[in-house]
**Q** 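Take this structure first; my questions come after.
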There are 2 protein chains.
Amino acid sequence: MVVTKRDITIKDVAKTANVSVATVSRVINGLDRVSEATRKKVLKVIDELNFVPNTIAASMVNKKTNMLAVVVPEIQNPFYTAVIGGTVEVAKKAGFVTLVVSTNGDEAEESTYFESFLGKNADGFILIGTHKTADFYQTIRKPTILVDRYIDNSGHDGVMIDNYRGAYEATKHFLEYGHTRIAIIDGKHDFNDGKDRYWGYQRAMVEGGVSPDPKYHKQGSWLEDSGYQSTLELMQAEVPPTAIFAANNLICQGAIKAIRDLNLEIGEDISLIGFDENELAEFVKPKVTVVRRPTREMGTQAAEMLIKRIKDKSTDETNPKKVILDVELMKYGSVKKMN
Amino acid sequence: MVVTKRDITIKDVAKTANVSVATVSRVINGLDRVSEATRKKVLKVIDELNFVPNTIAASMVNKKTNMLAVVVPEIQNPFYTAVIGGTVEVAKKAGFVTLVVSTNGDEAEESTYFESFLGKNADGFILIGTHKTADFYQTIRKPTILVDRYIDNSGHDGVMIDNYRGAYEATKHFLEYGHTRIAIIDGKHDFNDGKDRYWGYQRAMVEGGVSPDPKYHKQGSWLEDSGYQSTLELMQAEVPPTAIFAANNLICQGAIKAIRDLNLEIGEDISLIGFDENELAEFVKPKVTVVRRPTREMGTQAAEMLIKRIKDKSTDETNPKKVILDVELMKYGSVKKMN
DNA sequence: TTGAAAGCGTTACCAC
DNA sequence: GTGGTAACGCTTTCAA
């Protein structure tokens, strides 16, 4: 009863159109010289039979699947979602489809799924990696872009932001407004992104002539709950800080909730700066000052670089390119002037 | 210098292991009888050569790519993200990888990308479709699950929630608390989900002996800004409603922001119920009562059903299965008692 | 237990 | 302009 999509092959088309498969292939791919008459004839048959070319078979001969693979730690964190969104958008415009998987931040999982994508012959990879050393990345011989977390000597391109500067600017902003009891809430320093934020904070403090008090460094898990707990602890200490730098989006959300639950006023009882925009930071009054990074753009950038690499057939090991996107301190009024 | 992944084929392995490709194939796939000695030998070579089987080539002969394709309107809306997340999780456990694309709610785009996935020989599809009529879906001859938006006579399975009941319960809750000026903010009735929510509201109103006032039906775009504007308009009318039902997550967020900007108090000056949980609804005090739906579970359910279909090699046109997941009214205190 | 060879749906080269 | 056919990397009969 219904038109059948698929299971029709190029041979069927050739047969009913009374031409060779070679000819059909030519009209499918457009580029070859074939008389207008046969072209029309073939096109008509393709339409009638509802023929969809098996691009996977084609990929066997031309060594190109037009598939991009994206590997992220966690598929529901808005930051990763934004990166994926940017990638998919650019990919589809360029005729690529996108494979996606999340690793739950587990190295073994990452290896497994990466290999699975390799087996599927993806043309290139965008990795927000979980592996901490270069050797995993070094064995990859296909165009690959490392996003957000960069591993030195990996031999691949990277798209990152200046975490160091972001944290530095935020901390300096506190100092300029007269704060000295400035706390930082972050997570494990497993990757450069988190580590750099911490050291950006450190440097600004020292440069500002304030020696950072370890009591004011709460190192938890990068998750909301950790931000919540750490904020409670900080604010209930004998000498609470006057300012808190929340080193990622989830920690910032946790901090906002904790401050609310303690019945404190942001920008009055406690100053706050977050890293990365988030729904809550934008909602509360005053809005929370944040270090803003171009999340979606990280995905589009990475995809563009990757597709270029693929088209140039250049692997990147010769001269890896590192693109550092700009961060910006968005001052919204959650920092009180103390002087 | 570095171990090479890929470009090594089964032939290379066979050659260096001094066996036939058939034998190598057997050990890769485990299932066949092959002596322990040769097995070990082959395995060793595979490891040394860092051989990753080309599963795409394999798929040509066994007609199975182990790829699932997910098509959503918008890749960054938390609802779709949750569905994708659930799907990916189930898929990878079952050995499938996931292709993802967003259509921007455009029928032509949907057709294009669907066809692209078809050409890639995906084994099955999960669609949050944009097409409004059955014919598009009817031509699909591969296992397919329609999620959230169901199209009758599509010939495919569906995973949905009871939008009608959700809206009905929400409205009834308002009525029971003595409200009569109950507004609803929704978007276009292009699909069953939105339409059902409206009619659930209608029925509850009528059953409650209140004839719905068209002034209190704001039909905008399903986006946050629309929810914001509609709320402003409603509350600035001569006779504002005492209760608002925000028919999706984004509209609800917009409503919350508008209420905040009008300096009104939720649950006091205006009662509010949302559809779908969201960050803001959970943050404000009192929390906003919402119709909760199991978003992530919709994805896992769909993936499980799909994989079962694929394994059974059953297309679904014979007896489509509709799974309706439960919604629940989470009463958090944003509805004032008027009687 | 192992190997040879056909075949999966394409493309691309080489003839005509 | 068009057709025949080898080749892509694998699986799976069929024989040995």
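Throughout, a chain's letter reflects where its sequence line sits, starting with A, and its residues are numbered from 1. Below, all heavy atoms of this structure are taken into account, side chains as well, without hydrogens, waters or symmetry copies.
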**Q** Report, one pair per line, the protein and nucleotides 6-8 of chain D atoms (nitrogen or oxygen only) whose separation is under 3.5 Å.
**A**
unit_1 : atom_1 : unit_2  : atom_2 : d
D:dC8  : O3'    : A:Lys63 : NZ     : 3.1

**Q** Using a 3.5 Å distance criterion without hydrogens, assess whether the side chain of B:Thr65 forms a donor-acceptor pair with backbone atoms of B:Asn121.
**A** yes
**Q** Can you check the A:Ile28 CD1 to C:dT11 C1' distance for me, whole Å?
**A** 10 Å
**Q** Taking B:Thr87 for its side chain and B:Val83 for its backbone only, find out whether a donor-acceptor pair lies under 3.5 Å.
**A** yes
**Q** So which protein N/O to nucleotides 1-3 of chain C N/O distances come out below 3.5 Å?
**A**
unit_1 : atom_1 : unit_2  : atom_2 : d
C:dT2  : OP1    : B:Ser35 : OG     : 3.1
C:dT2  : OP1    : B:Thr38 : OG1    : 3.1
C:dT2  : OP2    : B:Ser35 : N      : 2.9
C:dT2  : OP2    : B:Thr38 : OG1    : 3.0
C:dG3  : OP2    : B:Ser20 : N      : 2.9
C:dG3  : OP2    : B:Ser20 : OG     : 3.1
C:dG3  : OP2    : B:Thr23 : OG1    : 2.7
C:dG3  : N7     : B:Arg26 : NH1    : 3.4
C:dG3  : O6     : B:Arg26 : NH2    : 2.5

**Q** Measure centre to centre between the rings of B:Phe191 and B:Tyr150, then say whether the value is under 6.0 Å.
**A** no
**Q** Would you find more than 12 non-hydrogen atoms of other residues, nucleotides or ligands less than 6.0 Å from A:Arg296 atom CZ?
**A** yes
**Q** Can we say B:Asp148 and B:Arg293 salt-bridge, meaning some charged N sits less than 4.0 Å from an Asp/Glu carboxylate O?
**A** yes
**Q** For A:Asp152, what residues pass the salt bridge (Lys or Arg N to Asp or Glu O under 4.0 Å) criterion, not counting sequence neighbours?
**A** A:Lys322
**Q** Once you round it to whole Å, what is the distance between P of D:dT12 and CG of B:Asn62?
**A** 6 Å
**Q** Using the salt bridge (Lys or Arg N to Asp or Glu O under 4.0 Å) rule, collect all pairs that involve residues 56-72 of chain A, keeping only residues at least two apart or in two chains.
**A** A:Lys64-A:Asp123
**Q** Using atom types as modelled and distance alone, determine if a side-chain donor or acceptor of A:His131 lies under 3.5 Å from a backbone N or O of A:Tyr137.
**A** no
**Q** Which dot-bracket string describes DNA chain C (Watson-Crick N1-N3 plus N6-O4 or O6-N4, or G-U N1-O2 and O6-N3, all under 3.5 Å; [ ] crossing; | other strand)?
**A** ||||||||||||||||
**Q** With a 4.0 Å cutoff (strictly under), does any side-chain N or O of B:Asn29 reach OP1 or OP2 of D:dT11?
**A** yes
**Q** Give a yes or no on this: more than 12 heavy atoms of other residues, nucleotides or ligands lie within 6.0 Å of atom NZ of B:Lys188.
**A** no
**Q** Considering only residues two or more places apart or on different chains, which pairs with a residue in residues 67-88 of chain A satisfy salt bridge (Lys or Arg N to Asp or Glu O under 4.0 Å)?
**A** none
